[in-house]
Amino acid sequence: MENCIFCKIVAGDIPSPRLYEDDKMIVIRDIEPKAKLHYLCIPKTHFALLSEMDGERAELLKHCFERIAEIHSSLGLEEGYRVIINQGENGGQTVPHLHIHLLGGEPLKDF
Ligand code: AMP
Ligand code: ZN
């Protein structure tokens with residue numbers, strides 16, 4: 001998708017160290033961390049919203065959550081973490097390429 005910052009990161013056009021990568025997703029550090037550890041799990045396929053879900057995208061997100069469950073300790077999240085997917089304007093989504101925030105590394109405040 002043209003002009004999508006996360007598509008550019010996935011394509012390598014914008015450099016961003018990958019803490020994990022496979023054929024379907026990458027994990028990078030958020031550039032403006034909101035917790036001691038703040039990662040973004042970015043599916044390699046572009047879509048913006050959960051409301052655009054279809055079977056293929058559901059499989060993609062299933063894959064992402066399975067990998068997150070496997071790799072969270074290697075990211076320093078073994079004491080627990082928060083998973084956030086912001087959706088649309090009221091949800092605070094600023095990048096319209098669906099992504100999963102992983103926050104942790106310290107006790108997180110209630111919200
Ligand atoms: P959201 O507001 O849920 O759409 O999340 C977008 C996130 O992407 C924000 O937390 C930003 O700090 C983060 N972000 C934007 N540009 C970059 C970048 N080049 N590398 C890493 N994280 C980024
Ligand atoms: Zn994109």
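Every value quoted in this text rests on a predicted model; they were computed, and no experiment measured them. Atoms within each ligand, like the ligands themselves, are counted from 1 in listed order.
Electrostatic pairing of K24 and E59 does not count as a salt bridge here, judged by no charged N lying under 4.0 Å from a carboxylate O.
Of the heavy atoms in R29, only backbone atoms (N, CA, C, O) come closer than 4.0 Å to ligand 1. Under 4.0 Å from ligand 1, not a single heavy atom of I84 appears. Under 4.0 Å from ligand 1, not a single heavy atom of I14 appears. Of the heavy atoms in F6, only side-chain atoms (C-beta onward) come closer than 4.0 Å to ligand 1.
For ligand 1, the polar-atom distance check finds an N/O of T94 within less than 3.5 Å of one of the ligand's N/O atoms. Residue-to-ligand polar distances place H99 within reach of ligand 1: an N/O pair is separated by less than 3.5 Å. Considering backbone and side-chain N/O of G92, one or more are found under 3.5 Å from N/O of ligand 1. For ligand 1, the polar-atom distance check against H38 finds no nitrogen or oxygen pair separated by under 3.5 Å. Polar contact with ligand 1: absent for L40 (N/O pair, distance under 3.5 Å).
Excluding waters, the set of protein N, O or S atoms lying under 2.8 Å from the Zn ion (ligand 2) comprises C4 SG, C7 SG, H46 ND1, H97 ND1.
Atom CG of D110 is surrounded by 12 or fewer heavy atoms from other residues, nucleotides or ligands within 6.0 Å.
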In sequence, state the C-alpha distance, the side-chain angles, and the governing distance for H101 and H99, and then conclude on ring pair (Phe, Tyr, Trp, His ring centres under 6.0 Å). CA-CA 7 Å; H101 294 262; H99 52 281; 5.0 Å; yes
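Counting protein heavy atoms only, atom 13 (C) of ligand 1 is closest to D30 OD2, 3.3 Å.
Residue-ligand proximity: I9 is placed with a non-hydrogen atom under 4.0 Å from ligand 1.
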